[in-house]
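Heads up: the structure comes next, in structure tokens.
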Amino acid sequence: METTKSPSSRNSVVDCGTVPSLVSSFIDTFVDFSVSGGLFLPPDPDQIKDPNRPLQTVFDQPRRLIAIGDLHGDLPKTKKALRLAGLIGPEDRWSGGSATVVQVGDIFDRGGDEIKLLYFFEKLKREAAKAGGLVITLNGNHEIMNVDGDYGYVTPEGLREFENWGVWQCVGNSMKKRCNGMDENVLFKDLFDGVPDEFPRINKEFQNGARARFAALRPNGLIANRFLSKNQTVVVVGDSVFAHGGLLQKHILYGLERVNEEVRDWIRGVKEKVANQLVRGRNSIVWLRSFSNELAKDCDCSMLEHVLESIPGVKRMIMGHTIQSDGINAICGNRAIRVDVGMSKLCGDKFPEVLEINEHSELRVLTSNPLYFKGYEAPRRASKNNGLGSLIPEERARQVEVNA
């Protein structure tokens, strides 16, 4: 007599036929959607598809260049800043055409949208590339701290976001394991292998979030590899050099391309260590404040001049890291531009501002603050047609009002 097996006694492995890669892709899309706040990532354009290609360090001057400061886990303020510059439309899709954007680092810490921001910028990178534009994200000191396992500035919301990410990663991995013929390279044995059981100074209720954060962001972690390994630490775009904290002569002598490669190799787990002078300590690239003190007298303009002269064709350094209470500003004859305005909700909650540089190397500051005025001798002017402040032709950066 033939018997029928109950559902509970049937083999839990599913025959995926000849399409296990399609099943894996579907599961990855499902997990991405679940942890990103509901985003579907466009296909990878060829120019950003190969994770092993050298990171580009020097870029030509674009017709339009936008610099965005520290964002610290605040997705709504990030979108306001991008809309301010006309880079995304009402549906949050790229609308910046051939523009180049440099976000100067510190997406992590102080907020609860860290993973969502990583996915959002990844989406914009792909959309911009398709339209002939470019989105560059830099490593800040908070990216480096998190890869190092330093969670001194994480928030409960941030830990909950990573706990949720860890749950979905395990769900997706379990689904893949049920499929016969699945490529072992898309599976992981244990997400938490090598992760400490407990993290000091983290409340018990957030320990799972801390463990997931460690698994994601440690060197060769899933998020470190997928997102942070694409970050540069320093870039030259036209006649501007960008770094989160700033650059000293020793960093130039080290080699900017070498800086990017060594930091990336450490993040990917290819190199066990990375030089402290690059990413740790007060005189490292991501911690330096020599040119970002709000009082101009505390900034070493002669040192800055010497550094800039060592980089062919560069006339200014653009940096974040240090909040400027009066908004984006320039010192040392406009050779140092500081773009961290403390816009994120838990790190100042100021009005979004961005820096714009056109193809003629003319600067203007775009702000959403209707009451903001720096006292420059020329009045602010606005175009009634598009709401954007008119371009000031002088080299000096000026504050102009725009509608966000």
Side-chain angles (χ1 to χ4, degrees), residues 55 57-58 67 69-70 72 102-110 136-153 219 228 231-237 240-267 271-312 314-325 328-340 342 347:
L55 288 170
T57 300
V58 179
D70 305 30
H72 286 301
V102 180
Q103 195 282 318
V104 299
D106 277 9
I107 280 178
F108 282 145
D109 290 337
R110 304 184 190 275
I136 300 168
T137 50
L138 299 186
N139 290 311
N141 59 306
H142 286 267
E143 279 71 46
I144 300 301
M145 290 169 68
N146 276 271
V147 177
D148 263 337
D150 182 347
Y151 305 147
Y153 294 91
L228 301 188
N231 287 356
Q232 288 95 331
T233 302
V234 55
V235 291
V236 176
V237 183
S240 301
V241 61
F242 293 80
H244 181 68
L247 295 168
L248 298 175
Q249 190 66 26
K250 65 179 181 179
H251 304 131
I252 309 302
L253 295 174
Y254 198 89
L256 302 186
E257 290 84 2
R258 182 183 174 192
V259 167
N260 283 333
E261 289 307 304
E262 291 191 4
V263 174
R264 182 182 73 160
D265 285 348
W266 168 67
I267 289 173
K271 287 175 62 74
E272 184 178 352
K273 297 179 181 179
V274 63
N276 286 340
Q277 67 165 310
L278 305 184
V279 295
R280 301 185 191 92
R282 59 185 297 182
N283 289 323
S284 69
I285 296 171
V286 298
W287 282 97
L288 190 70
R289 299 187 196 272
S290 296
F291 315 123
S292 56
N293 288 305
E294 288 202 83
L295 295 177
K297 67 180 182 63
D298 293 331
C299 296
D300 194 333
C301 292
S302 62
M303 182 194 299
L304 174 66
E305 190 75 22
H306 187 50
V307 171
L308 293 178
E309 286 175 351
S310 302
I311 310 174
V314 168
K315 65 168 62 174
R316 70 180 69 86
M317 186 181 298
I318 300 174
M319 66 212 85
H321 186 47
T322 303
I323 294 176
Q324 307 295 310
S325 60
I328 294 175
N329 63 82
I331 60 165
C332 300
N334 292 329
R335 305 279 266 171
I337 315 291
R338 295 88 67 83
V339 298
D340 179 9
C347 194

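Side-chain atoms of H244 never come within 3.5 Å of backbone atoms of G320 as a donor-acceptor pair (strictly under, hydrogens ignored). Of the possible donor and acceptor atoms, one in the side chain of H72 sits under 3.5 Å from a partner among the backbone N and O of F108. Between the Q324 side chain and the S292 main chain, a donor and an acceptor come within less than 3.5 Å of each other. Side-chain N or O atoms of Q103 include one that pairs as donor or acceptor with a backbone N or O of G105 at under 3.5 Å. Looking only at distances, a side-chain donor or acceptor of E143 sits under 3.5 Å from a matching main-chain atom of I107. Of the possible donor and acceptor atoms, one in the side chain of D106 sits under 3.5 Å from a partner among the backbone N and O of N141. A donor-acceptor contact shorter than 3.5 Å links the side chain of H321 to the backbone of W287. Here the side chain of D109 pairs no donor or acceptor atom with the backbone of Y151 at under 3.5 angstrom.
Looking at every heavy atom in both residues, G69 comes nearest to V104 through CA-CG2, 3.7 Å. Taking both residues in full, the closest heavy atoms of I337 and A330 are given as CD1-CB, 3.4 Å, listed atom of the first, atom of the second, then distance. Residues L256 and H251 come closest through the heavy atom pair CD2-O, 4.1 Å. Here the closest non-hydrogen pair linking V259 and Y254 is CG2-CD2, 3.8 Å. Between K250 and N283, the shortest heavy-atom distance links the atoms CE-O, 3.6 Å. Summarising the geometry of S284 relative to N276, their closest heavy-atom pair is CB-O, 3.6 Å, with the distance given to 0.1 Å.
Taking NE2 of H306 as the start and CG of D300 as the end, the distance is 11.0 Å to the nearest 0.5 Å. Atom CE of M317 is separated from atom CG of L304 by 5.0 Å, given to the nearest 0.5 angstrom.
Side-chain atoms of R316 and N334, non-hydrogen and from C-beta on, never get closer than 4.5 Å to each other. Residues R289 and R282 form no side-chain contact, since every pair of their non-hydrogen atoms from C-beta on lies 4.5 Å or further apart. A heavy-atom distance below 4.5 Å is found between the side chains of N260 and V234. Side-chain atoms of S325 and I323, non-hydrogen and from C-beta on, never get closer than 4.5 Å to each other. For the pair I318 and V102, the minimum side-chain heavy-atom distance is 4.5 Å or more.
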List the steps, then state whether side-chain contact (heavy atoms from CB on, under 4.5 Å) holds for F291 with L248. CA-CA 10 Å; F291 315 123; L248 298 175; 4.3 Å; yes
Please evaluate residues R258 and E261 with respect to the criterion salt bridge (Lys or Arg N to Asp or Glu O under 4.0 Å), reporting the C-alpha separation (whole Å), side-chain torsions for both, the decisive distance (0.1 Å), and the verdict. CA-CA 5 Å; R258 182 183 174 192; E261 289 307 304; over 6 Å; no
Determine, stepwise, if the pair I136 / F242 fulfils side-chain contact (heavy atoms from CB on, under 4.5 Å). CA-CA 10 Å; I136 300 168; F242 293 80; over 6 Å; no
Should C332 and C299 be marked as a disulfide (SG to SG under 2.5 Å) after you check the CA-CA gap, both sets of side-chain angles, and the distance that decides it? CA-CA 8 Å; C332 300; C299 296; 5.8 Å; no
Output, in order, the C-alpha distance, side-chain angles, deciding distance and verdict of side-chain contact (heavy atoms from CB on, under 4.5 Å) for I267 and N139. CA-CA 11 Å; I267 289 173; N139 290 311; 4.0 Å; yes
Any chance you could lay out the salt bridge (Lys or Arg N to Asp or Glu O under 4.0 Å) test for R280 and D148, step after step, and finish with the verdict? CA-CA 10 Å; R280 301 185 191 92; D148 263 337; 2.8 Å; yes
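Contacts of E305 classified as side chain to side chain contact (heavy atoms under 4.5 Å, CB included), with partners at least two apart in sequence or in another chain: E309, R335.
Checking each of N293, T322, N329 against R338 for a side-chain hydrogen bond (donor to acceptor under 3.5 Å, both in side chains) leaves exactly one that passes, namely N329.
Side-chain atoms of N231 and T233 include no donor-acceptor pair closer than 3.5 Å.
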